[in-house]
Amino acid sequence: MNLHNTLEKHVKDAVKSLFQAELKSVEFQATRKEFAGDITVVVFPMLRIVKGNPAVIGERIGQYLQEHVDLVKGFNVVKGFLNIEIDDSYYINFFKNICQIENYGFAEAKDNKAIMVEYSSPNTNKPLHLGHVRNVLLGYSVSEILKASGKNVYKTQIINDRGIHICKSMLAWQRFGNNETPESTGLKGDKLVGNYYVEFDKAYKKEVNDLVANGASEEDAKKNAPILLEAQEMLRQWESGDENVVALWHKMNGWVYKGFEATYQNIGVDFDKYYYESQTYLLGKEFVDEGLKTGVFEKDPDGSVWCDLTDEGLDRKIVLRSDGTAVYMTQDIGTAIQRIKDYPDVGGMVYTVGNEQDYHFKVLFLILKKLGFEWAKNLYHLSYGMVDLPSGKMKSREGTVVDADDLIKEMAETAEEISKELGKLEDYSETEKKELYKTIGLGALKYYILKVDPKKRILFDPKESIDFQGNTGPFIQYTYARIQSILRKSEHLIGENSTADNIDLHEKERQLIKQLELFPEVIQNAAEQHSPALIANYTYDLVKDFNSFYQNVSILGAENKNEQSFRVALSKSVGQTIKNAFSVLGIDVPERM
RNA sequence: GGUGGCAUAGCUCAGCUGGAUAGAGCACCUGCCUUCUAAGCAGGCGGUCCUAGGUUCGAAUCCUAGUGCCAUCACCA
């Protein structure tokens with residue numbers, strides 16, 4: 001029973017005994033700093049049931065609580081706000097209960113239905129960029145948050161491995177590549193393939209210009225440029241299973257997968273299962289047939305198949321082209337069904353995809369419902385805002401994309417520069433240093449992206465480097481390192497039982513315990529709202545409180561052993577909570593920095 | 001044009017289901033390293049919470065209308 005519930009019961013009792021009225025609920029909020037007290041009861045909402053002057057009502061309830069509840073040490077009423085002072089023993093007790101729990105904040109897994117979280121979902125024709133980075137960080141973090149909230153989670157992606165885009169790279173490589181390979185060039189596979197995507201575009205543009213110069217219309221030229229026709233032909237050959245094309249496709253996609261894996265590892269994210277579009281679109285087609293039989297879909301005279309969603313206030317949506325080939329929607333229907341077949345324990349799915357596809361997912365979920373799948377009501381589109389540059393959208397063909405690998409490297413370099421200036425790590429080996437720079441650089445990047453509400457767009461200015469001070473990853477990592485330093489210096493105290501019973505809590509200590517108390521609730525909240533930002537902001541508040549404590553109260557220099565070991569234990573708990581919170585954000589914490 | 005999202009300090013962002021005088025960081029200005037790591041702490045400056053109405057004891061938060069930016073409305077993905 002937490003403080004909130006306990007007090008709610010007592011306030012209800014108070015109102016019943018004083019005013020003979022039944023409250024349905026009591027509204028609490030944290031007491032503002034400028035007033036004495038720890039928790040505040042808002043009296044106004046009671047006025048509907050209890051008539052009278054709010055100040056007087058507050059006063060009488062306060063009086064009652066002080067007399068009947070041991071926890072309540074004192075109270076004051078300001079306007080309609082009843083500020084309650086809680087006895088230190090409550091906080092000390094609470095702290096004693098949690099200070100040994102390593103995975104504090106994390107709920108036991110009890111839900112036997114699992115959730116599948118999809119993220120990343122790249123095309124295989126170019127390397128990952130900053131946009132993917134946001135996607136991957138969000139998806140990974142939300143997965144970890146869901147786990148921490150007590151759910152079973154499978155992390156997955158859908159790899160867009162077929163289609164005209166990869167054929168363009170294949171064709172350009174065939175034509176201009178001189179049998180280059182990642183091995184022969186030393187390039188990452190995804191970078192190599194991406195280069196040929198750019199090569200294709202160059203050649204295509206040149207052909208279009210030539211055609212226009214020879215009198216063709218712009219529109220015709222764009223449609224009939226020979227290299228484009230050839231790429232389209234290659235796609236048809238792929239679909240008909242042409243051996244050479246398929247072999248080339250395997251080879252180049254293989255290069256890309258290896259490159260992606262390196263980037264994922266670099267970022268520090270992983271997946272439990274991979275899905276490939278080339279393997280799921282056929283299942284989608286089957287279910288289009290199924291839906292035709294049951295009347296969920298309808299066929300137009302030209303043979304195209306549609307789903308009529310006008311009853312839902314939406315349009316008609318195509319699910320199969322007139323030539324019988326699959327569209328995006330077909331594939332997504334197939335993929336969803338395949339996943340449930342593979343993992344029957346999955347009861348819902350989260351799709352981490354940019355908000356430009358809000359409409360698509362609205363439709364997809366509706367269609368799956370219409371097809372009668374029980375789990376369709378538990379689908380969630382984790383829709384996030386675009387990452388824009390000052391110049392606007394990132395365009396791979398215009399070379400304005402921020403490459404994921406480059407970005408991570410630059411962040412580590414910045415961390416290195418700052419670290420060298422501060423010069424606290426002289427005794428570290430080169431490997432240890434490098435590892436630390438990466439931890440800090442990645443911490444800065446991940447925190448920078450995750451602290452923002454997912455649905456808001458992010459403006460990223462490559463010229464202005466990401467901060468390492470203030471509300472940032474490194475600030476929080478730094479605080480963790482400080483705490484570890486204290487723990488190293490007080491190892492002899494850790495084992496000792498701090499009785500902590502006769503301690504008068506310092507205001508900063510009480511504040512810290514209150515903040516620690518919130519953590520489990522924050523995890524649950526973040527899981528419900530699919531928002532790592534809530535975790536980031538919570539952690540920042542905790543760390544600010546700790547630093548204030550650290551700089552105003554001497555930990556190792558406490559007046560007596562009892563207080564000293566209490567403060568060390570409190571620091572340790574804060575450190576553990578930082579570590580736990582950051583682990584669900586996918587951010588590592590350093591022992592020193 | 002229809003639909004959806006966003007709009008809070010010079011900049012980047014918090015603000016939970018409506019609650020007290022709207023909070024942080026960066027930037028700018030003051031102090032604080034012979035004591036646990038100054039990537040820090042303490043303080044100052046800085047706001048028509050896009051606009052106009054409405055609901056309410058009470059609105060940055062809810063409703064309506066408008067403005068601005070973004071996305072989307074394809075036999076593209």
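Values reported hereafter were calculated over all heavy atoms of this structure, with side chains retained and with hydrogens, waters and symmetry mates removed. Naming convention: chains lettered A, B, ... in sequence-line order (proteins, then strands); numbering from 1 in each chain.
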Participant: Using a heavy-atom cut-off of under 4.0 Å over every strand shown, decide if A/Gln529 touches base, sugar-phosphate, or nothing.
Facilitator: nothing
Participant: Walk along nucleotides 23-35 of chain B from 5' to 3' and tag each nucleotide B, S or - by protein heavy-atom contact under 4.0 Å, base first, then sugar-phosphate.
Facilitator: SSSS---------
Participant: A/Tyr328 vs A/His360 aromatic rings, parallel, tilted or perpendicular, using cut-offs 30° and 60°?
Facilitator: parallel
Participant: Can you check nucleotides 70-73 of chain B for protein contacts, nitrogen or oxygen pairs under 3.5 Å, and list what you find?
Facilitator:
unit_1, atom_1, unit_2, atom_2, d
B/C73, O2', A/Asp315, OD2, 3.2

Participant: Between residues 412-425 of chain A and RNA chain B, which residues have a heavy-atom gap below 4.0 Å?
Facilitator: A/Ile418, A/Ser419, A/Leu422, A/Lys424
Participant: Kindly write out the residues that satisfy ring-ring contact (aromatic ring centres under 6.0 Å, His included) with A/Tyr204, not counting sequence neighbours, or none if the list is empty.
Facilitator: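 Partners of A/Tyr204 under the ring-ring contact (aromatic ring centres under 6.0 Å, His included) test: none.
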Participant: Describe, in one word, how the ring planes of A/Tyr538 and A/Phe519 are oriented to each other, choosing from parallel (under 30°), tilted (30 to 60°) and perpendicular (over 60°).
Facilitator: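 Taking A/Phe519 first and then A/Tyr538, their aromatic rings lie parallel (interplane angle under 30°).
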Participant: According to the side-chain hydrogen bond (donor to acceptor under 3.5 Å, both in side chains) rule, which pairs have a member within residues 32-45 of chain A, sequence neighbours left out?
Facilitator: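 Passing the test, one end in residues 32-45 of chain A: A/Thr31-A/Thr40, A/Arg32-A/Glu34, A/Asp38-A/Lys514, A/Thr40-A/Asn83.
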Participant: I'd like to check the salt bridge (Lys or Arg N to Asp or Glu O under 4.0 Å) partners of A/Glu521; sequence neighbours left out, ordered by chain and number.
Facilitator: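 A/Glu521 satisfies salt bridge (Lys or Arg N to Asp or Glu O under 4.0 Å) with no other residue.
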Participant: Using atom names, set out every protein N or O paired with an N or O of nucleotides 8-11 of chain B below 3.5 Å, distance rounded to 0.1 Å.
Facilitator:
none

Participant: Parallel, tilted or perpendicular: which describes the rings of A/His129 and A/His132, with under 30° parallel and over 60° perpendicular?
Facilitator: tilted
Participant: Check ring-ring contact (aromatic ring centres under 6.0 Å, His included) between A/Phe44 and all other residues, then give those that pass, not counting sequence neighbours.
Facilitator: A/Phe81
Participant: Contact class for A/Ser485 vs. all strands (heavy atom < 4.0 Å): base, sugar-phosphate, or nothing?
Facilitator: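 Since a base atom lies under 4.0 Å of A/Ser485, the category is base.
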Participant: Applying ring-ring contact (aromatic ring centres under 6.0 Å, His included), name anything that partners A/Tyr540, two or more places apart in sequence or on another chain.
Facilitator: A/Phe475
Participant: Keeping A/Gln477 on the side-chain end and A/Asp588 on the backbone end, is there a donor-acceptor pair under 3.5 Å?
Facilitator: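 Yes; at least one donor-acceptor contact below 3.5 Å.
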Participant: Please report the distance separating the P of B/C76 from the corresponding atom of B/G15, rounded so that it comes out in whole Å.
Facilitator: 41 Å
Participant: Is A/Gln477 side chain donor-acceptor paired with the B/A39 base, going by distance under 3.5 Å alone?
Facilitator: no
Participant: Taking distance alone, no hydrogens or angles, what donor-acceptor pairs closer than 3.5 Å link side-chain atoms of residues 541-549 of chain A to residues at least two apart or in another chain?
Facilitator:
unit_1, atom_1, unit_2, atom_2, d
A/Asp545, OD2, A/Gln511, NE2, 3.2
A/Asn547, OD1, A/Arg482, NH1, 2.7
A/Asn547, ND2, A/Thr479, OG1, 3.0
A/Asn547, ND2, A/Val543, O, 3.3
A/Ser548, OG, A/Lys508, NZ, 2.7

Participant: Using a 3.5 Å limit for the pairing distances, which stems of at least 3 consecutive Watson-Crick or G-U wobble pairs does RNA chain B take part in?
Facilitator: B:1-7 with B:67-73, B:10-13 with B:23-26, B:28-32 with B:40-44, B:50-54 with B:62-66
Participant: List for me each residue that meets ring-ring contact (aromatic ring centres under 6.0 Å, His included) alongside A/Tyr275, sequence neighbours excluded, and say none if there are none.
Facilitator: none
Participant: Separation of A/Arg316 atom CZ from B/A74 atom C1', in whole Å?
Facilitator: 14 Å
